**Q** 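For reference, the structure I am asking about is given below.
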Amino acid sequence: MQAPEFKVQGWCPGALRPMESGDGLVVRIRPRRASFSADQLRAIAEAARTHGNGVIELTARANLQLRGVTASSHGPLLQVLERLGLLDQDPAVEGRRNVVLSPWRSTADADLAEELYRAIAEGPDLPGKFGFALDMGERRVLADTPADIRLERGAKGLILRADGVSGGMDVTRETAVTEAMRLARWFVETGGVTEGRGRMAAHVKRLALPFDTGAIPAPKAADPLPGQREDGALIAFEFGILRAEALVALAQAAPEIRMTPWRMVFLPGAKMPDIAEAIIGPDPRLKVYACTGAPGCPQALQETRNLARRLAPLTPGVLHVSGCGKGCAHPGAADFVLSATRQGFVLARGARAGAEGLHLKPAEITEETFSKAM
Ligand code: SF4
């Protein structure tokens, strides 16, 4: 087997610890309670223009990231984020505070997230990609969002569930965080970081959990679609990318802007704003994922987003176009994945980036190509 032509970082960028990319530093901002105030968002838009290249991305962990930050603009940007109350106490705590919260969470759910942040800050040293999901509504909306420890709704109240196991244990609002951290410590102490490759689902395949897992979680919700809802506006952006001007428009439309892991933002109680690049209904681009690709990412072997845009109306399922075998834009399997090589792309079906398949040049990829691959 050929060695992969990309570097696995094993950690996600933060604000205090940005990641180098082809267009400069990537600075990730992790909002508390999964939400920004309108004032915070306006200030971030201004900072994206002044200290970055004005491009903002919505991430798969419901965070915002600014691109094109330089070594000299990083310090001033941190000062802005500090003033907005968006910085953690140190890079280690920031790296561990991977908590995704349903955008339809109650205030009590968000309070539980705050309790979890405090416990994580004082808890064990967890791997960079290890995360928590708080998905406590009548239907689970974060079932497809990567997370290792999940708090969900069960028949009797809340349940704690380890990723990779179908059932969980009953907990209450009072015990939920304590039990979640007990599970995190068990993961570390039983070798999850090394033998479990840093992820819970891999670890529980080789070791039984130390508690009963008989509690069944609530059913999964249908995939969210952008549009006007009774409780607010759900807005998607192509590939999760928006310009600073769109952030300002969001801030004008609502006092609170909630992040989601679906390349969408939710404006509770708001009417749909008029934003040119917003996707506000069914659209073929919603099922297409593409990473930065060339020339923005130094590891990219091909351009990705123009190709993904061209192929969006042609694909019969979810398509992932990846600039190398690493698969940043869609870590799980997609119906079709095109992984870049030095010569073109490899098309595989029901696979993750980097899978073996049909070798093609970009111009050879047409609607028929997908029919042949099915
Ligand atoms: S998947 Fe895309 S963004 Fe990630 S390292 Fe490869 S080329 Fe870069």
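When a ligand or atom number is given, it counts from 1 through the structure's own listing order. The structure presented is a predicted model; accordingly, all values stated were derived computationally and were not measured. These numbers come from the heavy atoms of this one structure, side chains and all, not from hydrogens, waters or symmetry mates.
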**Q** With a cut-off of 2.8 Å, does any N, O or S atom of C297 fall short of it relative to atom 2 (Fe) of ligand 1?
**A**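 Under 2.8 Å: C297 has no N, O or S contact with atom 2 (Fe) of ligand 1.
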
**Q** Taking atom types as modelled, find out whether T369 and T366 have a side-chain donor-acceptor pair closer than 3.5 angstrom.
**A**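 Judged by distance alone, the side chains do pair up.
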
**Q** Tell me the nearest of G323, C328, S21 to atom 4 (Fe) of ligand 1, using heavy-atom distances.
**A**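 Comparing heavy atoms across G323, C328, S21, the nearest one to atom 4 (Fe) of ligand 1 lies in C328.
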
**Q** Under 3.5 Å, is there a donor-acceptor pair between the side chain of Q302 and the main chain of T341?
**A**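 Side chain of Q302 to backbone of T341, a donor-acceptor pair under 3.5 Å: yes, one is there.
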
**Q** Which ligand 1 atoms, with their elements, are less than 4.0 angstrom from a heavy-atom of S322?
**A**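 This gives 1 (S) as the contact atoms.
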
**Q** Hey, which atoms in ligand 1 end up nearer than 4.0 Å to a heavy atom of A300?
**A**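 Near A300, the atoms of ligand 1 are 7 (S).
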
**Q** Could you tell me whether the side chain of T304 and the main chain of C291 form a donor-acceptor pair under 3.5 Å?
**A**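 Answer holds: yes.
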
**Q** Going by atom type alone, with no hydrogens or angles, which donor-acceptor pairs under 3.5 Å involve a side-chain atom of residues 153-160 and a protein atom two or more places apart or on another chain?
**A**
from : atom 1 : to   : atom 2 : distance (Å)
R153 : NE     : M136 : O      : 2.9
R153 : NH2    : M136 : O      : 3.3
K156 : NZ     : D170 : OD2    : 3.3

**Q** Distance-only criterion, 3.5 Å: show the donor-acceptor pairs between side-chain atoms of residues 266-279 and protein atoms not counting sequence neighbours.
**A**
none

**Q** Output the list of atoms in ligand 1 that are nearer than 4.0 Å to some heavy atom of C291, sorted by atom number.
**A**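 Within the 4.0 Å cut-off of C291, ligand 1 contributes 1 (S), 2 (Fe), 3 (S), 7 (S).
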
**Q** What atoms of ligand 1 come within less than 4.0 Å of a heavy atom belonging to G327?
**A**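 Matching atoms, with element in brackets: 1 (S).
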
